[in-house]
There are 2 protein chains.
Amino acid sequence: MGLAKTEMFTDKQNKISLFAKVFGHPARVAILQYLFKIDTCICGDLVSEIGLAQPTISQHLKELKNLGLIKGNVEGTSVCYCIDKDNWSNMKDIMIKFLDQDIPNTDCC
Amino acid sequence: MGLAKTEMFTDKQNKISLFAKVFGHPARVAILQYLFKIDTCICGDLVSEIGLAQPTISQHLKELKNLGLIKGNVEGTSVCYCIDKDNWSNMKDIMIKFLDQDIPNTDCC
DNA sequence: TTGTTTCATTGCAATATTACGATATAATTG
DNA sequence: CAATTATATCGTAATATTGCAATGAAACAA
């Protein structure tokens, strides 16, 4: 199979899992952290920064772009990437709401 | 391949991606939400609640247990599951720190 | 002891993900 | 135009994930 049965879950649950999945690879985490760290757009130094082959980085960027978390801008021969603020903020709200629930106070375990 | 090159990333990046990966399936999100919603341990009604086959649920529970996010207690013939408060709290801090970074104010994109 | 119930494990088929070489595309330079 | 640079896409091999039927194991009930 390898195929999640998304139709049996709520939209919210599927959304959370889609966001989580994109963070489920250290290369994508590293790309995002780099975008946060350097206070400007990324224009090309990602391949040397991360250490994976160029097609691999391109593929990871595509997944981040597909979810809307980053956006790219063609700048001559290179492409500038940066966080999509609105979408990131939206995702953050959803994820934090999931993570920050009150833990039931049942000491049966 | 299908194999992440974890050795090229920091421990923190790998940790974040491992936590995220476990949330990257709606069934595991649903299990956790159910654990939060019902204010007590889960003792057996997960299979009927989620709607996947029993071995599938068992497998998802195992992954959550492996990361330490839930713990189980044998209660007669059934097993009681609940959130592991300390580990959840720890994970939450790491994930929120990652999600809640200040977004660079560069409007080049 | 013989079921019965509940959950875990095994084994396997279907599908997804990861990584990268080769190649394509698109803008720029000479 | 030809060469260069930067990125995307294609194709494919290696590995991971998902789901479940079959089976096992452990506690309980009769």
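All chains are named by letter (A, B, ...) in the order of the sequence lines, taking the proteins before the strands, and each is independently numbered beginning at 1. Quick caveat: nothing in here was measured; it's all calculated off a predicted structure.
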Between [atom2] on [N] and [atom1] on [X], what's the gap in Å once rounded to a whole number?
{"X": "B/L46", "N": "C/dT6", "atom1": "CG", "atom2": "C1'", "answer": "13 Å"}
{"X": "A/K5", "N": "D/dT18", "atom1": "NZ", "atom2": "C1'", "answer": "10 Å"}
{"X": "B/I70", "N": "C/dA8", "atom1": "CD1", "atom2": "C1'", "answer": "13 Å"}
{"X": "A/K71", "N": "D/dT7", "atom1": "NZ", "atom2": "C1'", "answer": "20 Å"}
{"X": "B/Q59", "N": "C/dT9", "atom1": "CD", "atom2": "P", "answer": "10 Å"}
{"X": "A/I31", "N": "C/dA19", "atom1": "CD1", "atom2": "C1'", "answer": "13 Å"}
{"X": "A/L64", "N": "C/dT18", "atom1": "CG", "atom2": "P", "answer": "11 Å"}
{"X": "B/N73", "N": "D/dA26", "atom1": "CG", "atom2": "C1'", "answer": "15 Å"}

Could you tell me if the side chain of [Y] sits less than 4.5 Å from the side chain of [X], heavy atoms only?
{"X": "B/F98", "Y": "B/F19", "result": "no"}
{"X": "A/L35", "Y": "A/W88", "result": "no"}
{"X": "B/F23", "Y": "B/M91", "result": "yes"}

- Message: Please enumerate all residues that pass side-chain hydrogen bond (donor to acceptor under 3.5 Å, both in side chains) together with B/E63, with sequence neighbours excluded.
- Response: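 Residues passing side-chain hydrogen bond (donor to acceptor under 3.5 Å, both in side chains) with B/E63: B/R28.
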
- List for me each residue that meets side-chain hydrogen bond (donor to acceptor under 3.5 Å, both in side chains) alongside A/T10, sequence neighbours excluded, and say none if there are none. A/Q13

- Specify the residues of residues 14-26 of chain A, ordered by number, for which at least one heavy atom lies under 4.0 angstrom from an atom of DNA chain C. A/K21, A/H25

By side-chain contact (heavy atoms from CB on, under 4.5 Å), which residues pair with [X], not counting sequence neighbours?
{"X": "A/I96", "value": "A/K92, A/D100, B/I96, B/L99"}
{"X": "A/K65", "value": "A/I70, A/Y81"}
{"X": "B/T77", "value": "none"}

- Report whether B/M8 and A/Y34 are members of the same hydrophobic cluster (ILVMFWY, side-chain heavy atoms less than 4.5 Å apart, transitive linking).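 Yes, B/M8 and A/Y34 fall within the same hydrophobic cluster.
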
Can you check whether [X] has a side-chain N or O nearer than 4.0 Å to OP1 or OP2 of [N]?
{"X": "B/Y81", "N": "C/dA8", "answer": "yes"}
{"X": "B/K62", "N": "C/dC7", "answer": "no"}
{"X": "A/T56", "N": "C/dC20", "answer": "yes"}

- Query: Considering only C/dA8, C/dT18, D/dA8, which nucleotide approaches the side chain of A/E63 most closely?
  - Reply: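 The closest nucleotide is C/dT18.
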
- Item | Proximal nucleotide (of D/dT18, C/dA19, D/dA8) relative to the A/S58 side chain |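 Nearest to the side chain of A/S58 among the choices is D/dA8.
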
Pairs: protein N or O with nucleotides 12-15 of chain C N or O, under 3.5 Å:
from   : atom 1 : to   : atom 2 : distance (Å)
C/dA13 : N3     : A/M1 : N      : 3.3
C/dA14 : O4'    : A/M1 : N      : 3.4
C/dA14 : N9     : A/M1 : N      : 3.3
C/dA14 : N3     : A/M1 : N      : 2.1
C/dA14 : N3     : A/M1 : O      : 2.8
C/dA14 : N3     : A/G2 : N      : 3.3
C/dT15 : O4'    : A/M1 : O      : 2.2

- Message: Can you build the contact string for nucleotides 21-30 of chain C? Use B for base contact, S for sugar-phosphate-only contact, and - for no protein heavy atom under 4.0 Å.
- Response: BB----BS--

- Could you check whether A/L52 gets within reach of a base, just the sugar-phosphate, or nothing at all, counting any heavy atom under 4.0 Å? sugar-phosphate

- Message: Please check this pair: side chain of A/S89 against backbone of A/D86, looking for a donor-acceptor N/O pair closer than 3.5 Å.
- Response: no

Could you list all N or O pairs between the protein and nucleotides 1-3 of chain C that sit under 3.5 Å apart?
none

- Message: Listing request: all side-chain hydrogen bond (donor to acceptor under 3.5 Å, both in side chains) pairs with a residue in residues 47-59 of chain A, at least two apart in sequence or in separate chains.
- Response: none

- Residue pairs passing the ring-ring contact (aromatic ring centres under 6.0 Å, His included) test where at least one lies in residues 48-70 of chain B, sequence neighbours excluded: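 ring-ring contact (aromatic ring centres under 6.0 Å, His included) check on residues 48-70 of chain B returns B/H25-B/H60.
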
- Task: Please collect all salt bridge (Lys or Arg N to Asp or Glu O under 4.0 Å) contacts where either partner lies in residues 16-27 of chain A, sequence neighbours excluded, each pair once.
- Result: none

- Taking atom CD1 of B/I103 and atom CG of A/D84, what is their separation to the nearest 0.5 Å? 8.5 Å

